[in-house]
Amino acid sequence: MDVIEVVGFDGDDTLWHSEHLFADAHERVATLLAPHVERGVLERRMHEVERANLALFGYGIKGFTLSLIETAIELTEGAVTASEIGELLTLGKTMLAHPVDLLDGVTDVLAEVAMTRRLVLITKGDLLHQESKIARSGLAERFEQIEIVVDKDEQTYRRIIAATGTPPERFAMVGNSLRSDVLPVVAAGGHGVLIPYEFVAEHEKVDDADPARDGYRELESISGLPAALDALDELG
Ligand SMILES: [Mg+2]
């Protein structure tokens with residue numbers, strides 16, 4: 001019997017690309033507001049406003065767009081034009097409508113892992129947008145359970161793991177964020193597998209973490225996952 005019975009997968013930047021859209025958006029906003037604001041000041045304030053608004057707006061592109069507008073109004077002291085605000089809204093809508101691009105190897109790896117283990121998808125953010133991305137990813141059928149949550153903390157994982165009927169030590173979570181996908185799962189008694197993505201959102205950054213000390217595994221890409229899960233089985 002496999003030791004790792006259930007594998008949880010994060011969505012954004014684990015199964016499909018997402019954060020590059022935010023990085024591109026920051027570039028576009030800097031260009032748009034260049035007549036009004038110096039780049040460094042803008043970058044700093046965008047992150048501060050986004051972070052401060054998370055508790056009100058939650059994660060996702062709609063809240064991000066509102067934060068961009070708030071930043072633009074504040075930093076230009078109200079001089080930003082209606083047409084420039086219109087461009088920020090268009091930017092947000094374009095991000096929401098962006099096609100879902102799967103990361104390399106995802107389809108094959110999910111098929112392989114699903115042969116011996118149960119799969120659940122655990123993603124956070126805007127409900128409508130996440131549901132739309134899951135539907136457009138073509139991956140929904142692979143998962144016995146799909147959870148779209150407001151935040152991914154230890155309590156969230158305890159609840160989801162309990163719902164699978166599996167003890168935490170037989171649950172592994174795979175994701176690109178230490179803060180959201182790995183450390184709270186380890187704290188809940190499960191296994192964490194970190195697969196870093198090219199871009200890390202400011203609000204997901206963790207200052208100091210170490211696989212050996214903090215009890216998780218780190219892979220370069222998802223193609224190493226079947227072997228990593230087999231290695232966890234051997235330990236068990
Ligand atoms: Mg992610």
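FYI, the numbering just counts along the sequence from 1. Order of appearance sets the numbers: ligands from 1, and atoms from 1 within every ligand.
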Please note down the angle at the Mg ion (ligand 1) between O of Asp12 and OD1 of Asn176, to the nearest 10°. 90°
Basic-acidic side-chain contact under 4.0 Å: Arg51, Glu48: no
Qualifying residues under side-chain hydrogen bond (donor to acceptor under 3.5 Å, both in side chains), relative to Asp126, sequence neighbours excluded: Lys62
I'd like to know: is the Mg ion (ligand 1) within the 2.8 Å range of an N/O/S atom from Asp10, strictly under that distance? yes
Indicate yes or no: does Glu27 engage Arg39 in a salt bridge with an N to O separation below 4.0 Å. yes
Can you list every ring-ring contact (aromatic ring centres under 6.0 Å, His included) pair that touches residues 200-236, not counting sequence neighbours? Tyr59-His203
Got a sec: is Glu204 within less than 2.8 Å of the Mg ion (ligand 1) via an N/O/S atom? no
Could you tell me whether the Mg ion (ligand 1) has an N, O or S atom of Ser177 under 2.8 Å away? no
